[in-house]
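We count residues from 1, following the sequence as given.
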Amino acid sequence: MKKIFLLITLAIFALISCKQKNKDLTKPEVLTAKLEFVSNDILPKSINNLKNKGTGSVDYSNSIHVKFKNINIGDCVWTDGFWADKFELAEKVMIPNMGKILTGDTGFALNNFKIAAGLKKGKHEGMFWHDGDFYKWMEASLYIYAINKDEKILKEIDNYIDIIGKAQLENGYLQTQITIPEKQPFSEVKYHEMYNSGHLYISALTHYRLTGKRNFLDIAIKHANNLYDVFQPQPKKLARFGFNQVQIMGLVELFRTTKDNRYLELAEIFINMRGKSKVRVDPTVSYRNIGDMTQERIPLRKSKEAVGHAVLALYYYAGAADVYAETGEQALIEALDRIWGNIVNQKMFITGACGQKHDGGSSHRDFVHEAFTIDYEMHNANAYNETCANLCNAMFNYRMMSVKGESKYADVIETVMYNSALAGIDLGGTNFFYTNPLRRSFDHKMGGTDYPTRVPYIPCFCCPPNLVRTIAKLSTWAYSLTNNGLAVNLYGGNKLETHLLDGSKIKLKQKTDYPWDGAVSFTIEGCKNDAFDILLRIPKWAQNSSISINGKKENIELKGGEYTTINRKWKAGDIISLNMPMKYELVVGHRKIEEIRNQAAIKRGPVVYCVETPDLPKNTNVLDVYLPSDITLTSQKLVGFLGGLTTLKGNILLTSDKDNDMYRTLKKQTWKPFEATFIPYYAWSNRGVSEMTVFMPIIWK
């Protein structure tokens, strides 16, 4: 009662104080003041005092503005099929391989921490954001531990935590790219201190949530407290430090675990800072990192489009969605709705990829790099589509799906994961792409992060650990907890054992050969006696789907692009069968996308297909390929081909026109029919250097 009385007294005092200062409590810039006023002396400072410790990769357990709550890490385990195979590859190949790179003399990330800790002599090597890449790899390893319970992983991680702790300064600051060369902290945005900070927090929280050990979390808390002390006063000279804002997501997660309001307050400060400064070069910001490039021209709440560096942007938007989940501020979610619509309807590729160009101009004509550019500017051969940006798109959509409980966001997650995400790594799990164009020719002029085929090490090593941590935690996105039940977001062979929001247990098994087959079955193995909801996502492409329960077809209208809710008293042994007709379709783009006018791509279910030169006649270029509008395609599941996948075969037309004149008089062409094999886009470039295209010109029949 004393605490309640004190809270009421403080609230009245705050209202009087704001009235005296003529402040409007609904304005975004004073929302942080409201949060700060809930005294940290009242809320528990120590996480040891907390009764509910969420263990989700994103913890929505106490987020009141979220419709879909998370399941905990390890509640869902892939058992067979597509994602089980990818998880096993991550466990046995991807993570061990990346560990050798990052802890060795090629990737030298661990060396940087050792040097900063005084355990080794040398200079800092690698990109400014290399600390964050190491934290991501640690996070991925922990997701694997959550499933296989291999204590060797924890022992290894604890050894790294000890080194990282020794590299941390007494005041909590920890950035090897700054402390090794003894630069001034927060002297220039290009050093990516915010990126490294966010990944530190997320990795440390993952470790704590899975182990209950505080050794890594205490490093993160000490670091975040330093960040708060530096940025909470909002000094003008640091007003533009919003570069690569992973720290927003990390700070919100720290708040969720510790209940320390300062972290949520600081997360919102970083959002509020954007758009307040003049767009010009100054000692902290070079000419390459100003304006739309770093999302600093327009305040987020007034934004209508996605701008600038695609990775920076999507981390920023994901962080803002996390803040909304805690504050419920309408202006934030309205802005994110507008931005999401702009991405999906004007700037996202068919593969779910983001980042239209290596370099270009924004709608305000600011220089932008690896970026969202103007609407409908969708280059196939020159598309940037950094693997990180594609993965960040999935992260942003997971948060929007959770907040709003709508199927369209899960559709985007699925599109990314089956296409532009997996394209970033080869089928063996050891070679990587940084950029992911939709067309590649032998004569393409490579940029600094382009490669003719995947390579074992990329000096800018941000994408590989980002990809493997997403694969490793994807099972935590497969299901969500709803107000009265369970939502199925992603399909794949798995078993789920979790608690619904009312505390009751549910156990089920999912069997399917998705994405190659649209038949999915769920067997209830245990649940409460009372009626509850099971929400099944019907992808937008899955028209004419049907549901049967215990062999009897249900008279339920299923709409593509929506969740279908089934409410009943379930019992152990109940079987839900969902059948989604897996048909191929030719997909065309908006008429304003100049590059693909009168062209089409092939899609079957969630998988985008391409044609690659190993499947064409010798000396045939992908630009010679034309697609008959009435093409008939047959599907074939091949167990031993490219890791096991479904190919499509159909007759295309090849042109013999090799004229290289810039412009020429139109002449009738001659065509040669050829039965081509189309493979999933993610599987291209696994047979040596090749050409590839997703979109092909149409010959109308």
Side-chain angles (χ1 to χ4, degrees), residues 54-61 63 66-84 86-87 143 146-147 209-210 325 394-395 397-414 416-418 470-512 514-515 520-528 532-539 542 547 549 562-568 570 572 574-578 580 606:
T55 61
S57 58
V58 175
D59 179 17
Y60 292 126
S61 56
S63 304
V66 170
K67 291 185 177 179
F68 280 10
K69 306 286 189 177
N70 59 281
I71 60 172
N72 290 331
I73 302 167
D75 284 0
C76 176
V77 178
W78 302 117
T79 54
D80 54 77
F82 191 91
W83 288 116
K86 295 302 178 186
F87 183 90
Y143 293 132
I147 304 301
R209 288 169 181 173
L210 289 173
M395 293 175 209
N397 276 274
Y398 175 71
R399 286 159 172 79
M400 293 296 285
M401 177 196 74
S402 300
V403 163
K404 306 199 78 172
E406 295 179 23
S407 176
K408 63 183 182 181
Y409 305 109
D411 280 1
V412 176
I413 296 171
E414 181 177 75
V416 170
M417 294 310 301
Y418 283 117
T470 307
I471 292 172
K473 71 179 176 183
L474 190 64
S475 61
T476 68
W477 294 1
Y479 298 92
S480 295
L481 305 176
T482 66
N483 186 46
N484 186 36
L486 185 75
V488 183
N489 306 317
L490 301 175
Y491 296 110
N494 64 60
K495 60 181 180 180
L496 173 73
E497 190 168 355
T498 191
H499 291 82
L500 299 179
L501 294 181
D502 62 5
S504 63
K505 292 182 179 180
I506 182 169
K507 186 177 181 181
L508 61 79
K509 181 177 289 186
Q510 181 182 161
K511 290 191 69 65
T512 180
Y514 198 87
V520 186
S521 71
F522 301 87
T523 301
I524 308 294
E525 297 185 338
C527 64
K528 65 181 181 178
F532 65 94
D533 300 334
I534 292 181
L535 283 66
L536 299 178
R537 180 178 64 90
I538 311 301
I547 290 176
I549 299 177
E562 295 183 8
Y563 284 95
T564 289
T565 301
I566 310 172
N567 178 274
R568 62 184 284 163
W570 303 95
D574 281 346
I575 298 175
I576 308 168
S577 300
L578 170 63
M580 297 172 281

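- Proximity of the aromatic rings of Phe87 and Trp78 is defined here by a centroid distance below 6.0 angstrom, and this criterion is not met.
- Ser475 places a side-chain N or O within 3.5 Å of a backbone atom of Cys76 that can act as its donor or acceptor partner.
- With contacts defined as side-chain heavy-atom distances shorter than 4.5 Å, the pair Asn489/Ile413 does not qualify.
- Within the 4.5 Å cutoff, the side chain of Met417 has heavy atoms near those of the Thr470 side chain.
- For Tyr563 and Phe68, the distance between ring centers is under 6.0 angstrom.
- Side-chain atoms of Tyr491 and Phe82, non-hydrogen and from C-beta on, never get closer than 4.5 Å to each other.
- Remark: Lys507 pairs with Glu497, Glu525 by the side chain to side chain contact (heavy atoms under 4.5 Å, CB included) rule, at least two apart or across chains.
- Classified by interplanar angle (parallel below 30°, tilted 30° to 60°, perpendicular above 60°), the ring pair Phe532/Trp570 is tilted.
- Aromatic pair Trp83/Tyr418: centroids less than 6.0 angstrom apart.
- Counting heavy atoms from C-beta on, the side chains of Thr476 and Asn70 never come closer than 4.5 Å.
- A search for salt bridge (charged side-chain N to carboxylate O under 4.0 Å, His left out) contacts involving Lys404 returns Asp337, not counting sequence neighbours.
- Scored by the side chain to side chain contact (heavy atoms under 4.5 Å, CB included) test, Thr498 finds Ile71, Asp75, Leu481, Leu496, Ile506 as partners (sequence neighbours excluded).
- Within 6.0 Å of the CG atom in Asn567, the count of heavy atoms belonging to other residues, nucleotides or ligands exceeds 12.
- Between Lys86 and Leu474 there is no side-chain heavy-atom pair separated by less than 4.5 Å.
- By the 6.0 Å contact criterion, NZ on Lys408 is enclosed, its count of non-hydrogen atoms from other residues, nucleotides or ligands being greater than 12.
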